[in-house]
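Some notes on the structure that comes next.
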Amino acid sequence: MSAPLVIVGTGMAGYGVLRALRHVDTRQPVWIAAADDGAAYAKFELATALAQRREAGQLVVATAEQMAYRFGATVEPHCRVVAIDRERRVVRTQTSGRASGEQAYSRLVLATGAEAVRPSAMRGSAADRILTVSSLAEYTYLRSELAGRKRVVVLGGDLPGCELAGNLLRGGCEVTLLEPQNRLLCDSFPTLCAGRIEQDLRSAGVSLWIEDGIHRIEQRGYDLEITTLSGLRLIAEVVVAALGSRPRSTLAREAGLDVASAIVVNGQMRSSDEHIFAVGECAQMANRVFAHVDDIEESVRVLAGGLTGGRNRMLRWHPRSRRMQTGCSEAVICEPPRGLDGEWHECATGRGVRALFHDRSGKLRGFALVGATTDETHRLLSGVGHWWSG
Ligand SMILES: Cc1cc2nc3c(=O)[nH]c(=O)nc-3n(C[C@H](O)[C@H](O)[C@H](O)COP(=O)(O)OP(=O)(O)OC[C@H]3O[C@@H](n4cnc5c(N)ncnc54)[C@H](O)[C@@H]3O)c2cc1C
């Protein structure tokens with residue numbers, strides 16, 4: 001019997017490939033490894049779920065066993081792929097409580113996702129008590145730490161930090177947000193828009209400490225004592241870093257695949273090895289990582305089409321908008337391509353703030369909206385020029 005298609009990872013990308021594949025091919029054997037318990041859930045709901053105080057179990061749409069049964073695949077939970085032997089076409093695995101093993105593949109799909117960035121060079125006895133929330137397991141742990149506690153410090157004031165702060169506040173916490181740069185949302189929103197979002201967060205009750213970060217963090221009884229970069233003291237019960245995520249690409253790098261900030265793929269999601277593909281947040285095409293759920297969904301369909309011998313469609317980047325989910329502001333961002341030469345033009349009105357990004361030739365290449373102007377999202381999105389093909 002020929003070796004199965006092997007998928008590494010059971011996030012929206014890994015399970016997405018399985019689902020899309022089964023639409024067209026119910027027979028191809030599929031074997032999937034999950035480093036975690038393999039439960040299917042929507043990672044992008046983790047921040048808003050904190051506001052709703054949902055238990056982790058309520059976020060699970062299907063267990064590994066249910067996914068395996070429903071889509072006719074073998075799903076191995078708590079099974080980490082630790083190496084790829086490209087010559088023999090096998091992956092080496094480590095399953096908790098069992099000896100290491102091997103699994104042969106006909107084709108291999110890496111869907112290892114991304115992990116939260118942790119603050120570097122943190123000092124103090126409680127430096128290891130800084131939490132992150134970028135997986136269901138981390139969400140579960142954070143929820144347990146929040147039980148009976150209220151005072152939370154969020155580290156990082158870009159989009160993930162603002163969303164986390166807003167949602168923790170709505171979930172009943174007293175929230176202080178520390179941002180070392182001189183304003184919020186430096187990497188995503190232009191100045192006026194960021195200023196309006198900052199106002200909204202403050203009015204809702206988030207305490208914002210701009211141009212400040214954590215220098216030391218010490219355990220003091222049940223509390224955490226934070227000394228900030230500017231020398232101020234702050235007492236918290238829970239500290240969460242929201243500094244964005246980093247693609248998990250070590251496996252691919254160690255196997256000798258072409259890796260930049262993520263695994264480099266072409267428009268068919270193929271890596272530099274013709275038998276190995278990558279999808280989701282661990283992959284990048286034309287210098288851009290697949291970090292938006294709509295891009296991941298589309299790439300998964302393209303890959304499934306290719307894997308089942310269908311029409312070989314090439315993926316193209318499309319402009320995407322992302323609604324900020326703080327619960328304190330209405331805000332939408334359609335980020336222009338990174339590094340593109342151009343300028344933001346912002347305009348504040350009674351309805352909110354509208355910011356348009358034009359490239360040097362005057363083409364609209366991105367936008368940001370805050371307040372009631374967010375109702376212009378669809379009109380503006382259809383006017384943003386196509387970016388580039390992979
Ligand atoms: C709080 C939060 C809010 C977000 N909000 C939005 C939003 O509003 N809009 C948006 O577009 N995006 C949002 N995102 C981003 C979006 O959720 C992710 O881009 C997407 O879920 C990534 O899916 P993935 O399958 O690529 O990766 P992941 O969900 O990270 O899945 C990776 C899987 O691979 C497994 N794995 C890793 N290494 C191994 C290994 N060696 N062996 C076996 N298994 C392995 C992991 O256990 C995991 O199951 C948000 C993300 C977070 C954290």
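Just so you know, ligand 1 is whichever comes first in the structure, and atom 1 is the first atom listed for that ligand.
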Give me the residue, atom name and distance of the protein heavy atom closest to [atom].
atom	result
atom 16 (C) of ligand 1	V293 CG1, 4.0 Å
atom 30 (O) of ligand 1	K43 NZ, 2.8 Å
atom 42 (N) of ligand 1	V81 N, 2.9 Å
atom 35 (C) of ligand 1	G9 CA, 3.6 Å
atom 44 (N) of ligand 1	A35 N, 3.0 Å
atom 15 (C) of ligand 1	A291 O, 3.9 Å
atom 39 (C) of ligand 1	T112 CG2, 3.8 Å
atom 47 (O) of ligand 1	D36 OD2, 3.3 Å

Contact between ligand 1 and C282 is defined here as a heavy atom of the residue under 4.0 Å from a ligand atom; is it met? no
Quick one: which ligand 1 atoms are inside 4.0 Å of a heavy atom on [X]?
X	value
V8	40 (C), 42 (N), 43 (C), 44 (N)
A114	30 (O)
G280	26 (O)
G11	25 (O), 29 (O), 31 (O), 33 (C), 49 (O)
T10	33 (C), 49 (O)
A111	32 (C), 33 (C), 34 (O)
A33	43 (C), 44 (N)

I'd like to check whether [X] has a polar contact with ligand 1, where a contact means an N/O of the residue lying under 3.5 Å from an N/O of the ligand.
X	result
M12	yes
G14	no
S134	no
R322	yes
I296	no

Which pair of non-hydrogen atoms, one from W31 and one from E76, has the smallest distance, and what is that distance? CZ2-CG, 3.5 Å
Could you pull out the closest heavy-atom pair between L46 and S134, with the gap in Å? CD1-C, 4.0 Å
What donor-acceptor contacts under 3.5 angstrom involve side-chain atoms of residues 290-306, with partners at least two apart or in another chain?
from : atom 1 : to   : atom 2 : distance (Å)
H292 : ND1    : D294 : N      : 3.1
H292 : NE2    : S321 : O      : 3.0
D295 : OD1    : R320 : NE     : 2.8
D295 : OD1    : R320 : NH2    : 3.2
D295 : OD2    : R288 : NH2    : 3.3
E298 : OE1    : R320 : NH2    : 2.8
E298 : OE2    : R313 : NH2    : 2.9
S299 : OG     : D295 : O      : 3.2
S299 : OG     : I296 : O      : 2.8

Can [X] and [Y] be counted as an ion pair, charged N to O under 4.0 angstrom?
X	Y	value
R118	E115	no
K150	E174	no
R322	E335	no
R351	E376	yes

Give a yes or no on whether R220 atom CZ has more than 12 heavy-atom contacts from other residues, nucleotides or ligands under 6.0 Å away. yes
Backbone N or O of G72 within a donor-acceptor pair of the R22 side chain at under 3.5 Å? yes
Just one of R86, R107, R89 clears the side chain to side chain donor-acceptor pair (under 3.5 Å) bar with D273, so which one? R86
Which is it for [X] and ligand 1 at heavy atoms under 4.0 Å: side chain, backbone, both or neither?
X	answer
A42	neither
R320	neither
S135	neither

Partner residues of Y41 under the ring-ring contact (aromatic ring centres under 6.0 Å, His included) criterion, sequence neighbours left out: none
For side chain to side chain donor-acceptor pair (under 3.5 Å), just list the numbers for D212 and T228, CA-CA rounded to whole Å, side-chain angles, deciding distance to a tenth of an Å, and then say yes or no. CA-CA 6 Å; D212 213 349; T228 70; 2.9 Å; yes
E198 vs L208 side-chain heavy atoms within contact, under 4.5 Å: yes
Taking the side chain as every heavy atom from C-beta outward, state whether R143 and R53 have any atom pair closer than 4.5 Å. yes
Atom 50 (C) of ligand 1: of Y41, F290, F44, Y139, the nearest heavy atom sits on F44
Checking heavy-atom distances from atom 26 (O) of ligand 1 to each of Q325, E281, H292, the winner is E281
If you measure only the distance, is there a donor-acceptor pair under 3.5 Å linking the side chains of S261 and Q284? yes
